[in-house]
**Q** 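This is the structure I want to talk about, given as structure tokens.
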Protein chains: 2
Amino acid sequence: MKLDTIDKKLLELLQNDAKQTTKVLSLQLNLSKTAVYERIRKLEKEGVIKGYTALLDKKKIDKAFVVFCHVRLTQHTKEHVVGFESDVIRLEEVLECYHVSGDYDYILKVNVADMQAYRNFMTSKLTSLKHIGSTHSIFMIEEVKNTTVVEL
Amino acid sequence: MKLDTIDKKLLELLQNDAKQTTKVLSLQLNLSKTAVYERIRKLEKEGVIKGYTALLDKKKIDKAFVVFCHVRLTQHTKEHVVGFESDVIRLEEVLECYHVSGDYDYILKVNVADMQAYRNFMTSKLTSLKHIGSTHSIFMIEEVKNTTVVEL
DNA sequence: TTCATAACCGAACATTTTTCTTTTTACTGA
DNA sequence: TCAGTAAAAAGAAAAATGTTCGGTTATGAA
């Protein structure tokens, strides 16, 4: 699917505030409500827009502790890789998991309440997964920037 | 602000789909539309809900390339730190930036189209910032998990 | 140019959000 | 235990929004 200038501006507006009414959007885009409505529906249907979510303040829900956990597997057979990935997806503390280049195989972004909870996560959940070799944790001291908004 | 069981379930529902109507939400929570409506307004007012966003498919908007860039500063005076942070916030390619423990000072999550665009970002934007010492890039091979939904 | 398709528009209709008033529930101190 | 008070919840009405429709205007290919 090809996105024109209006689509891109529309996606930018929706990323910044998905609750804007089509009326407000239409004024910013110099289009009618209907045109905006149909463009949004199309972007949803094509899968460009995957969904809509409420963003929460991590400090206010007691999940302010973020750790980047680097993971190395003991082996790299397909079985080991698939096994680890399907296990790690189910861990609710792991918000993100990437297979990466470099010394380690995976980077996990782990989100918990505090160091105590992280220790608990590591000992009772992560390191008890099969095929885990070594891990290396980098702790967040402060969040300088955190946005979901991608520029188009 | 204290969150009760209903608030937590409501936040979970809104994280998974912020476009659900209060009617649908009220059925899942065994509450009236108005009660749900007022709880949401309160959560917004208190800042627990920071906002609403549309989530996009990175592959479909040509931003599938993700890099974790570790950054070391030349010095760590307040001036250097503040200067770097205010500069990096303005870089649209940097979706996330954390001040972290360990060998490096910062971890940046950089999102661009491809390796070419990343090279361009590094040479013409990041490394031209003041106070940048050394950097170390870890490239994403595959996204195994990526969610904004925090469990409560 | 001509045809076919896609995008757009304004108006009508259907739903939802928001406000308002009343009722219920939960809590506190005598 | 029992008022008294405040917070939370409910239902109905009003305001605003989302959605559908028929018709019109651009767009692009033959």
Side-chain angles (χ1 to χ4, degrees), chain A residues 1-63 113 147-152, chain B residues 1-63 113 147-152:
Chain A
M1 180 189 180
K2 185 146 173 51
L3 303 174
D4 65 15
T5 312
I6 297 173
D7 286 323
K8 288 179 182 175
K9 188 162 183 187
L10 174 55
L11 289 171
E12 204 172 309
L13 292 170
L14 288 174
Q15 283 187 101
N16 281 305
D17 180 9
K19 276 280 164 75
Q20 288 176 94
T21 63
T22 51
K23 190 180 181 181
V24 171
L25 291 167
S26 67
L27 290 171
Q28 292 168 276
L29 297 167
N30 289 107
L31 276 179
S32 69
K33 282 194 312 177
T34 313
V36 172
Y37 175 75
E38 281 169 355
R39 276 176 183 266
I40 293 174
R41 287 301 293 264
K42 188 175 178 188
L43 289 165
E44 289 170 350
K45 203 169 187 176
E46 299 278 347
V48 179
I49 296 174
K50 288 195 294 183
Y52 301 90
T53 190
L55 297 172
L56 310 187
D57 186 332
K58 291 203 172 68
K59 287 175 187 165
K60 298 201 171 157
I61 56 170
D62 194 31
K63 297 274 179 183
T147 181
T148 56
V149 180
V150 183
E151 301 287 331
L152 297 151
Chain B
M1 181 185 179
K2 185 143 173 54
L3 303 173
D4 64 15
T5 313
I6 297 174
D7 286 323
K8 289 179 182 175
K9 188 161 183 186
L10 174 55
L11 289 172
E12 204 172 308
L13 293 169
L14 289 174
Q15 284 187 100
N16 282 305
D17 180 7
K19 277 279 163 76
Q20 289 176 91
T21 64
T22 52
K23 190 179 181 181
V24 171
L25 292 168
S26 68
L27 290 172
Q28 293 168 276
L29 297 167
N30 289 107
L31 274 181
S32 69
K33 286 192 306 177
T34 313
V36 172
Y37 175 76
E38 280 169 355
R39 275 175 182 266
I40 293 173
R41 287 300 293 264
K42 189 175 177 187
L43 290 164
E44 289 170 350
K45 203 169 187 176
E46 299 277 347
V48 179
I49 297 174
K50 288 196 293 183
Y52 300 91
T53 190
L55 297 172
L56 310 187
D57 186 333
K58 290 204 171 67
K59 287 175 189 166
K60 298 201 170 152
I61 56 170
D62 194 30
K63 298 273 178 182
T147 182
T148 57
V149 179
V150 183
E151 301 286 332
L152 295 150

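Just so it is clear: chains get the letters A, B, ... in the order the sequence lines come, proteins before strands, and each one is counted from 1.
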**Q** If you only use heavy atoms from C-beta on, which nucleotide in D/dA10, D/dT17, C/dG10 is closest to the side chain of A/Lys23?
**A**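 It is D/dT17.
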**Q** With a 3.5 Å distance limit and no angle check, can you tell me whether B/Glu12 reaches the backbone of B/Leu152 through a side-chain donor-acceptor pair?
**A** no
**Q** Nearest 0.5 Å, what's the CG-CD distance between A/Leu27 and A/Gln20?
**A**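 Reported to 0.5 Å precision, the distance equals 10.5 Å.
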**Q** Could you give the NZ-to-C1' distance, from A/Lys19 to D/dG18, as a whole number of Å?
**A** 14 Å
**Q** Counting heavy atoms from C-beta on, name the nucleotide in C/dC9, D/dA9, C/dT19 closest to the side chain of A/Leu31.
**A**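 The listed nucleotide nearest to A/Leu31's side chain is C/dC9.
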**Q** Starting at atom CD1 of A/Ile40, determine the distance to atom C1' of D/dT17, rounded to an integer number of angstrom.
**A**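 Computing the A/Ile40:CD1 to D/dT17:C1' distance gives 12 Å.
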**Q** Would you work out how much the helix from C/dT1-D/dA30 to C/dA30-D/dT1 bends between its ends, with each end axis defined by five base pairs, to 10 degrees?
**A**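 It comes to 50° between the two terminal axes.
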**Q** Measure the spacing between CG of B/Leu43 and CG of B/Asp7 and express it to the nearest 0.5 Å.
**A**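 One gets 5.0 Å once the value is rounded to the nearest 0.5 Å.
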**Q** If I compare all heavy atoms of B/Met1 with all of B/Val48, which pair ends up nearest, and what's the gap?
**A** SD-CG2, 4.0 Å
**Q** Just the rounded figure in Å: distance from C1' of D/dA7 to NZ of B/Lys45.
**A** 14 Å
**Q** Send over the distance from A/Glu38 CD to D/dG22 P, rounded to a whole Å.
**A** 13 Å
**Q** I'd like to check B/Gln28 versus B/Val36 (side-chain heavy atoms, cut-off strictly below 4.5 Å). Are they in contact?
**A**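 No, side chains not in contact.
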**Q** Can you work out whether A/Thr34 or B/Asp4 has the more 5'-proximal nearest nucleotide on DNA chain D?
**A** B/Asp4
**Q** If you only use heavy atoms from C-beta on, which nucleotide in D/dA10, C/dT17, C/dC8 is closest to the side chain of B/Thr22?
**A**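 The nucleotide sitting nearest to the side chain is C/dT17.
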**Q** Tell me which nucleotide among D/dG18, C/dT17, D/dA10 gets nearest to the side chain of A/Lys33.
**A** D/dG18
**Q** Under 4.0 Å between a side-chain N or O of B/Lys42 and OP1 or OP2 of D/dA8?
**A**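 True: B/Lys42 side-chain N/O within range (under 4.0 Å) of D/dA8 OP1/OP2.
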**Q** Whole angstroms only, please: what is the CG-P distance between A/Asp7 and C/dA6?
**A**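 That distance rounds to 15 Å.
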**Q** Verify the neighbour count for atom NZ of B/Lys59: are there more than 12 heavy atoms of other residues, nucleotides or ligands below 6.0 Å?
**A** no
**Q** Picking from D/dA10, C/dC9, D/dT20, which would you name as closest to the side chain of A/Arg41?
**A**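 It is D/dT20.
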**Q** With a 4.0 Å limit, can you tell me whether B/Arg39 has a side-chain N or O closer than that to the phosphate oxygens OP1/OP2 of D/dA9?
**A**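 For B/Arg39, the contact criterion (side-chain N or O under 4.0 Å from OP1 or OP2 of D/dA9) is met.
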**Q** Using a 4.0 Å heavy-atom cut-off across all strands, classify B/Thr21 as base, sugar-phosphate, or nothing.
**A** sugar-phosphate
**Q** Let me know the distance between CD1 of A/Ile6 and P of D/dT27, rounded to the nearest Å.
**A** 10 Å
**Q** Can you name the nearest heavy-atom pair linking A/Ala54 to B/Ile49, along with the distance?
**A**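 Reported closest heavy-atom pair: CB-CG2, 4.3 Å.
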**Q** Could you tell me how far apart B/Tyr52 (OH) and D/dT17 (P) are, to the nearest whole angstrom?
**A** 16 Å
**Q** To the nearest Å, how far apart are B/Tyr37 OH and D/dA8 P?
**A** 16 Å
